[in-house]
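The structure presented is a predicted model; accordingly, all values stated were derived computationally and were not measured. We count ligands from 1, going down the list as the structure has it; atoms in each ligand are counted the same way. In this chain, numbering begins with 1 at the start of the sequence shown.
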Amino acid sequence: MKDLKLGARSSADSQPTVITIGNIRIGIDFVIIAGPCSVESEKQTILTAQKVKEAGADMLRGGAFKPRTSPYAFQGLGLEGLKILEKAKKETGLPIVSEVIDPRDVSWVSEYVDILQIGARNMQNFSLLREVGRGRKPVLLKRGMYSTLTEWLNCAEYILAEGNPNVILCERGIRTFETYTRNTLDLSMVPAVKEVSHLPIIVDPSHGTGKLSLIEPMCMAAVAAGTDGLIVEVHHNPAEALSDKDQTLDPESFANIAKKINKLRTFLKELNTHPVSIPTGDERGKTKIPGESLFN
Ligand code: PEP
Ligand code: MN
């Protein structure tokens with residue numbers, strides 16, 4: 001990790017970064033972020049927020065600015081969407097995660113949200129990274145769909161280098177030759193990030209699979225892999241969702257998954273899982289620079 005001055009884990013026992021939002025300590029406590037792909041209306045957002053809270057979510061997600069493939073698709077409600085999220089927070093107490101897509105919007109969007117999301121399509125938007133780095137608002141940095149671990153961590157480094165230490169990584173799947181799923185969710189990144197960085201990492205099985213039936217198993221697998229949290233799309237009536245309806249859970253299915261996650265976490269604690277330890281001096285145990293390991 002020679003280029004990472006701030007994001008690299010310096011030693012096997014170095015302390016992980018902890019980001020505190022209200023009473024949630026990301027990096028220590030397990031965090032579940034849930035909510036609609038897009039903020040569509042006050043009724044939709046508040047109803048969904050209440051349902052995900054009841055089911056055990058810790059934070060509310062919802063896009064007010066949507067980076068869509070087509071310029072003619074619903075682009076989000078912008079400021080109106082952020083005001084709706086603010087109301088949903090007042091109603092439920094859930095902190096807000098929402099995406100920012102333009103460096104010029106960072107400072108005012110920061111007033112409405114608890115975590116600024118940088119989407120996969122903007123992972124290498126260096127002016128956006130620098131701008132969120134100049135503030136202190138926690139940033140959820142999604143992995144770009146064509147990005148290696150090294151590229152992703154270097155993008156986190158752009159934020160850290162500007163002075164903002166509050167970066168959370170999010171694995172959301174990458175493009176491969178597979179077409180059955182929307183993306184290939186790369187869960188190996190969870191232990192890999194923990195091996196080389198002190199930053200927390202969460203997993204997005206909604207965009208990571210694009211398929212309702214795969215969300216529960218991928219949530220469970222991510223938990224078993226050691227993720228610090230999950231972000232999932234939930235809508236009070238998915239059939240009506242204006243974006244990503246095919247991967248959006250209804251509140252009841254989300255509640256069932258949340259219960260199973262809790263059970264699995266209890267089981268894993270009993271199991272006391274930890275990474276395979278490799279004896280000192282064993283060459284196989286050397287941390288390799290991501291990317292280099294491809295050629296070994
Ligand atoms: C999202 O979470 O709303 C989103 C657009 O995700 P991604 O950037 O991972 O595609
Ligand atoms: Mn979405």
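Of the protein's heavy atoms, Arg172 NE, 2.7 Å lies nearest to atom 9 (O) of ligand 1. Protein heavy atom in closest approach to atom 4 (C) of ligand 1: His207 NE2, 3.5 Å. The protein atom (non-hydrogen) at minimum distance from atom 8 (O) of ligand 1 is Ala120 N, 2.8 Å.
For the residue pair Ser253 and Asp250, a side-chain donor N or O sits within less than 3.5 Å of a side-chain acceptor on the partner. Using modelled atom types, one finds no donor on one side chain facing an acceptor on the other under 3.5 Å when comparing Arg130 with Tyr158. At a cut-off of 3.5 Å, with distance as the only test, no side-chain donor of Thr181 or Thr209 sits close to an acceptor on the other residue. For the residue pair Asp244 / Gln247, a side-chain donor-acceptor distance below 3.5 Å is found, with atom types taken as modelled. At a cut-off of 3.5 Å, with distance as the only test, no side-chain donor of Thr248 or Asp246 sits close to an acceptor on the other residue. A side-chain donor-acceptor contact under 3.5 Å links Thr17 and His198.
Comparing Arg182, Glu171, Glu233, Lys142 against atom 7 (P) of ligand 1, the shortest heavy-atom distance belongs to Lys142. When the options Glu99, Met145, Arg61 are ranked by their closest heavy atom to atom 3 (O) of ligand 1, first place goes to Arg61.
Interface of Lys66 with ligand 1, defined as ligand atoms under 4.0 Å from a residue heavy atom, comprises 3 (O). In the vicinity of Gly119, heavy-atom distances shorter than 4.0 Å reach the ligand 1 atoms 8 (O).
By the criterion of a separation under 2.8 Å, the protein N/O/S atoms near the Mn ion (ligand 2) amount to Cys37 SG, His207 NE2, Glu233 OE2, Asp244 OD2.
Paired with Val223 under the rule side-chain contact (heavy atoms from CB on, under 4.5 Å), one option of Leu230, Val203, Val190 passes, and it is Leu230. Of the candidates Thr92, Ile46, Leu85, Leu60 forms a side-chain contact (heavy atoms from CB on, under 4.5 Å) with just one, namely Leu85. Tested against Asp204, the residues Arg143, Glu233, Lys142, Met218 include a single side-chain contact (heavy atoms from CB on, under 4.5 Å) partner, Lys142.
Taking 4.0 Å as the cut-off, Gln117 counts as a neighbour of ligand 1 on heavy-atom distance.
Taking the ring axis of Tyr180 as reference, the NZ or CZ atom of Lys211 stays within 45° of it and closer than 6.0 Å to the ring centre.
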